[in-house]
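What follows is one structure encoded as structure tokens, with my remarks underneath.
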Amino acid sequence: MSAPHHPQDPQAANGPRRPGEYALALLGHAAPADDPADASPHSFPDGGTWRTEIPSVEGPEALQAVLEESERLAVPVHRISQGSGIWMLTDAEITEMVQATAERDIELCLFTGPRGTWDIGAATRTLSGGGGLRARGHDQVAGCVEDALRATALGVRCLLVADEGVLWLLHGLRQQGVLPSDTTFKVSALVGPVNPAAYGVWERLGADSINIPSDLTLQQITEIRRTSRAPIDFYVEAPDDLGGFVRMYDAAELIRRGAPIYLKFGLSKAPAIYPYGRHLRDVTLATALERVRRGRLVLDLLGRLGADGGLSPLGARLPGPLNRFPLDPTDAVLSLTPERI
């Protein structure tokens, strides 16, 4: 559903425009023209420049609510992601979510295993945040690997990862055929890189899409895009624990500079729901519905600006060829096969 262009803008039919462009120009406040050098030269393999994601969909009931609301509001959804973790879902719940998303050609992404923020270690409770979501010690790494094996056996083909060691191991297992070859790995926003060099490292460790913090400037996003074509995941509206930023008016520039990019429709001023359980049912369902509505607001804004072109076809999920570190079978880390873990 594409919104009409501003009727008073004589240039509206000639392509994308900036917010308030025509009116500001009348008053002598026109912004300088876009620099073509800032535009990303990359796209998804299907030719699209952007896809959509609804995050924090914590179980089958929330998923059903999102699917019904996205149909009602005509919000196209490429990916559904969950944050509490694979270990917080039963086999039956995972299977139900896999089937429901497969019927609609939507990618389902589930979070791997235990993490430092729920561990007995005290560092994550300090003001510095310690190791954050990373996997603490061998046992948490093993839990993440176990989650990955279980989820992929149940049909999940996208795994959310918050630890570079876990990512490298899972990438090795994918290369060895232990995990399905079409499994994709998505890096969590809570460990997202903030510079081009770090972004490239995550790509080479096996990431197929990488969350970057929503406080990065447009220029910093351009810098990342000049060094890597790995898809960016970006909260257009970020949860409060990620800053609570609302960057809807940046959506068109995020696509222009950041393609290929997933626009994530998060929600600020909402209670934390990880790890999810029935005690959080009402708020989880309510916030799931509002995330879809936020998506509709972003789509309407892009439509009014004539910047809603380039959306990937529904069902598209693979990132295309990416740069990887070479795998050395003698590497002591990669030798941590499932049997040894």
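Using modelled atom types and a 3.5 Å distance limit, the side chains of S56 and Y276 yield no donor-acceptor pair. With 3.5 Å as the limit, one finds no donor-acceptor pair spanning the side chains of E103 and Q99. For the residue pair E53 / S81, a side-chain donor-acceptor distance below 3.5 Å is found, with atom types taken as modelled. The closest side-chain donor-acceptor pair between T284 and E58, if any, does not fall under 3.5 angstrom. A donor-acceptor pair shorter than 3.5 Å can be found between the side chains of R257 and T222. The closest side-chain donor-acceptor pair between D46 and S312 falls under 3.5 angstrom.
Ionic pairing of D300 and R304 is not present here: no N-O contact between side-chain nitrogen and carboxylate oxygen is shorter than 4.0 angstrom. Salt bridge status for R17 with E21: absent, with no side-chain N to carboxylate O gap under 4.0 Å. Taking 4.0 Å as the cut-off between side-chain N and carboxylate O, D38 and R226 count as a salt-bridged pair. Comment: R293 does not engage E69 in a salt bridge, judged by the lack of any side-chain N to carboxylate O separation of less than 4.0 angstrom. Here R294 pairs with E290 in a salt bridge; the nearest charged N to carboxylate O distance falls below 4.0 Å. Comment: R157 engages D182 in a salt bridge, judged by a side-chain N to carboxylate O separation of less than 4.0 angstrom. Using a 4.0 Å cut-off between a side-chain N of Lys or Arg and a carboxylate O of Asp or Glu, R150 and D91 qualify as a salt bridge.
In this structure, the side chain of Y199 engages the main chain of A230 through a donor-acceptor pair within 3.5 Å. Without hydrogens or angle criteria, E237 side chain to S268 main chain gives a donor-acceptor distance under 3.5 Å. Looking only at distances, no side-chain donor or acceptor of R72 sits under 3.5 Å from a matching main-chain atom of E68. Judged purely by atom type and a 3.5 angstrom limit, T183 has no side-chain atom pairing as donor or acceptor with the backbone of L179. Checked by atom type and distance alone, the side chain of R229 pairs as donor or acceptor with a backbone atom of P321 at under 3.5 Å. Panel note: side chain R104, backbone L67; no donor-acceptor pair is recorded below 3.5 Å.
Taking the side chain as every heavy atom from C-beta outward, H78 and I106 never approach each other to under 4.5 Å.
The side-chain contact (heavy atoms from CB on, under 4.5 Å) test with S188 is passed by exactly one of L160, D163, I210: L160. Among the candidates D233, D105, D208, the single residue satisfying the salt bridge (Lys or Arg N to Asp or Glu O under 4.0 Å) test with R79 is D233.
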Quiz item: Step by step, would you call T184 with E107 a side-chain hydrogen bond (donor to acceptor under 3.5 Å, both in side chains)?
Solution: CA-CA 10 Å; T184 56; E107 180 176 47; 3.2 Å; yes
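Two rings, from Y235 and Y262, have their centers 6.0 Å or more apart.
For the atom pair CG of L110 and CG of L154, the computed distance is 9.5 Å after rounding to the nearest 0.5 Å.
Residues L314 and V77 do not share a hydrophobic cluster, clusters being chains of Ile/Leu/Val/Met/Phe/Trp/Tyr side chains in contact below 4.5 Å.
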